[in-house]
**Q** 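There's a structure below that I have some questions on.
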Amino acid sequence: MIISTTETVPGYEITEVLGVARGNVIRAKHVGTDFVASLRNFVGGEITEYTKLMAEAREQATDRMLVHAEMLGADGVVGLRFSTAMVMVGSAEILAYGTAVKLRR
(Lines give C-alpha, C1' and ligand atoms only; values in the text may rest on other atoms or scores of the structure.)
Protein backbone atom coordinates (compact mmCIF):
# COMPACT_ATOMS: atom_id res chain seq x y z
CA MET A 1 0.00 0.00 0.00
CA ILE A 2 1.28 3.44 -0.91
CA ILE A 3 1.30 6.07 1.85
CA SER A 4 1.90 9.74 1.17
CA THR A 5 1.85 12.89 3.27
CA THR A 6 0.96 14.80 0.11
CA GLU A 7 -2.48 14.94 -1.50
CA THR A 8 -1.28 13.17 -4.65
CA VAL A 9 1.10 10.34 -5.56
CA PRO A 10 3.43 11.09 -8.48
CA GLY A 11 2.81 8.68 -11.34
CA TYR A 12 -0.63 7.67 -10.03
CA GLU A 13 -4.14 8.94 -10.54
CA ILE A 14 -6.64 8.88 -7.69
CA THR A 15 -9.70 7.17 -9.17
CA GLU A 16 -11.82 6.98 -6.05
CA VAL A 17 -11.86 8.49 -2.55
CA LEU A 18 -13.01 5.90 -0.02
CA GLY A 19 -13.05 8.00 3.13
CA VAL A 20 -10.91 8.57 6.18
CA ALA A 21 -8.59 5.77 7.25
CA ARG A 22 -7.48 5.99 10.86
CA GLY A 23 -5.60 4.08 13.48
CA ASN A 24 -4.84 4.96 17.05
CA VAL A 25 -3.03 3.69 20.09
CA ILE A 26 -2.88 4.88 23.68
CA ARG A 27 0.43 4.27 25.39
CA ALA A 28 1.35 4.77 29.03
CA LYS A 29 4.70 5.32 30.66
CA HIS A 30 6.30 2.42 32.51
CA VAL A 31 7.53 2.94 36.08
CA GLY A 32 11.03 1.71 35.22
CA THR A 33 11.22 3.85 32.11
CA ASP A 34 9.85 6.81 34.05
CA PHE A 35 12.60 6.44 36.67
CA VAL A 36 15.40 6.38 34.08
CA ALA A 37 13.77 9.27 32.20
CA SER A 38 13.57 11.35 35.38
CA LEU A 39 17.32 10.86 35.89
CA ARG A 40 17.97 12.01 32.30
CA ASN A 41 15.67 14.96 32.87
CA PHE A 42 17.78 15.95 35.86
CA VAL A 43 21.03 16.10 33.85
CA GLY A 44 19.46 17.28 30.58
CA GLY A 45 19.50 15.98 27.05
CA GLU A 46 17.21 13.76 25.00
CA ILE A 47 15.02 11.34 26.92
CA THR A 48 15.59 8.40 24.62
CA GLU A 49 13.19 6.13 26.51
CA TYR A 50 10.27 8.41 25.61
CA THR A 51 11.54 8.94 22.07
CA LYS A 52 11.47 5.16 21.58
CA LEU A 53 8.02 4.87 23.19
CA MET A 54 6.53 7.51 20.88
CA ALA A 55 8.22 6.06 17.77
CA GLU A 56 6.76 2.64 18.55
CA ALA A 57 3.33 4.20 19.14
CA ARG A 58 3.47 6.02 15.77
CA GLU A 59 4.35 2.76 14.00
CA GLN A 60 1.51 0.90 15.72
CA ALA A 61 -1.00 3.66 14.89
CA THR A 62 0.19 3.66 11.26
CA ASP A 63 -0.16 -0.13 11.03
CA ARG A 64 -3.71 0.11 12.39
CA MET A 65 -4.53 2.88 9.89
CA LEU A 66 -3.32 0.64 7.05
CA VAL A 67 -5.52 -2.22 8.26
CA HIS A 68 -8.49 0.17 8.27
CA ALA A 69 -7.58 1.41 4.76
CA GLU A 70 -7.43 -2.20 3.52
CA MET A 71 -10.88 -2.83 5.03
CA LEU A 72 -12.12 0.14 2.99
CA GLY A 73 -10.61 -1.42 -0.16
CA ALA A 74 -7.87 1.19 -0.58
CA ASP A 75 -4.70 0.97 -2.65
CA GLY A 76 -3.19 3.92 -0.85
CA VAL A 77 -3.54 6.61 1.78
CA VAL A 78 -2.84 10.24 0.95
CA GLY A 79 -2.58 13.22 3.26
CA LEU A 80 -1.14 11.15 6.12
CA ARG A 81 -1.12 13.08 9.40
CA PHE A 82 -0.41 12.33 13.04
CA SER A 83 -2.08 13.79 16.09
CA THR A 84 -1.13 13.41 19.73
CA ALA A 85 -3.26 14.05 22.79
CA MET A 86 -2.81 13.44 26.48
CA VAL A 87 -5.56 11.08 27.66
CA MET A 88 -4.64 11.15 31.34
CA VAL A 89 -1.51 11.84 33.35
CA GLY A 90 1.20 9.52 32.08
CA SER A 91 -0.56 8.35 28.91
CA ALA A 92 -0.98 9.71 25.41
CA GLU A 93 -2.95 8.84 22.31
CA ILE A 94 -1.30 8.78 18.91
CA LEU A 95 -3.69 9.00 15.97
CA ALA A 96 -2.60 8.33 12.39
CA TYR A 97 -5.11 9.35 9.73
CA GLY A 98 -5.38 10.09 6.04
CA THR A 99 -7.63 9.69 3.02
CA ALA A 100 -8.06 6.13 1.76
CA VAL A 101 -7.98 6.09 -2.04
CA LYS A 102 -7.99 3.84 -5.09
CA LEU A 103 -4.99 4.48 -7.34
CA ARG A 104 -4.23 3.80 -10.99
CA ARG A 105 -0.85 4.10 -12.70
Side-chain angles (χ1 to χ4, degrees):
M1 178 156 324
I2 296 173
I3 306 171
S4 175
T5 57
T6 61
E7 300 302 319
T8 61
V9 178
Y12 290 85
E13 174 189 358
I14 294 174
T15 60
E16 189 177 352
V17 173
L18 303 171
V20 175
R22 62 192 172 281
N24 72 318
V25 63
I26 297 173
R27 298 290 295 261
K29 299 185 292 185
H30 180 274
V31 174
T33 300
D34 208 25
F35 176 73
V36 173
S38 67
L39 293 176
R40 288 193 200 279
N41 193 36
F42 182 71
V43 297
E46 179 182 6
I47 303 174
T48 56
E49 292 79 14
Y50 291 155
T51 300
K52 182 179 176 187
L53 177 75
M54 295 306 286
E56 289 170 354
R58 275 190 304 275
E59 288 299 317
Q60 192 172 17
T62 301
D63 290 345
R64 290 178 180 182
M65 179 199 65
L66 291 175
V67 167
H68 187 219
E70 287 175 357
M71 288 173 41
L72 294 171
D75 300 320
V77 175
V78 295
L80 171 65
R81 300 289 184 266
F82 292 99
S83 177
T84 305
M86 187 171 84
V87 176
M88 59 183 275
V89 174
S91 67
E93 175 190 37
I94 303 289
L95 172 66
Y97 63 97
T99 304
V101 297
K102 287 279 197 184
L103 297 169
R104 180 174 53 220
R105 237 188 212 291

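By convention here, the first residue in the shown sequence is residue 1. Predicted model only: the values in this text are computed from it and were never measured.
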**Q** Would you say R81's side chain and T5's backbone share a donor-acceptor pair under 3.5 angstrom?
**A** yes

**Q** Mind running side chain to side chain contact (heavy atoms under 4.5 Å, CB included) on R64 and H68 for me, showing each step along the way?
**A** CA-CA 6 Å; R64 290 178 180 182; H68 187 219; over 6 Å; no

**Q** Taking all non-hydrogen atoms of both residues, which atom of N24 and which atom of A61 are closest, and how far apart?
**A** CA-CB, 4.2 Å

**Q** Any heavy-atom pair between the side chains of V78 and V9 that's under 4.5 Å?
**A** yes

**Q** Hydrophobic cluster membership, with links at side-chain heavy-atom distances under 4.5 Å among I/L/V/M/F/W/Y: are V17 and L103 in one?
**A** yes

**Q** Are V77 and I14 connected in the hydrophobic side-chain network, where two residues link if heavy atoms are under 4.5 Å apart?
**A** no

**Q** Rounded at 0.5 Å granularity, tell me how far CZ in R58 sits from OG1 in T84.
**A** 7.5 Å

**Q** Measure the OG1-CG distance between T62 and L95 for me, rounded to the nearest 0.5 Å.
**A** 10.0 Å

**Q** Not counting sequence neighbours, which residues clear side chain to side chain donor-acceptor pair (under 3.5 Å) with T15? List them please.
**A** none

**Q** Counting distance only, does the side-chain N/O of K102 pair as donor-acceptor with the main-chain N or O of G73 below 3.5 Å?
**A** yes

**Q** Can you see which heavy atom on A100 is nearest to which on A21, and at what distance?
**A** CB-CB, 4.1 Å

**Q** Could you grab the distance from atom OG of S91 to atom CZ of R27, nearest 0.5 Å is fine?
**A** 11.5 Å

**Q** Do side-chain atoms of R22 reach the backbone of Y97 as a donor and acceptor pair under 3.5 angstrom?
**A** no

**Q** If every non-hydrogen atom of M65 is compared with every non-hydrogen atom of G98, which pair is closest and at what distance?
**A** SD-N, 4.0 Å

**Q** Would you compute the distance between atom CD1 of I94 and atom CE of M54 and round it to the nearest 0.5 angstrom?
**A** 3.0 Å

**Q** How many angstroms lie between atom CG of L80 and atom CG of L66, to the nearest 0.5 angstrom?
**A** 8.5 Å

**Q** Measure the spacing between CG of L18 and CD of E16 and express it to the nearest 0.5 Å.
**A** 4.5 Å

**Q** Which residues satisfy the side chain to side chain donor-acceptor pair (under 3.5 Å) test with E13, sequence neighbours excluded?
**A** R104

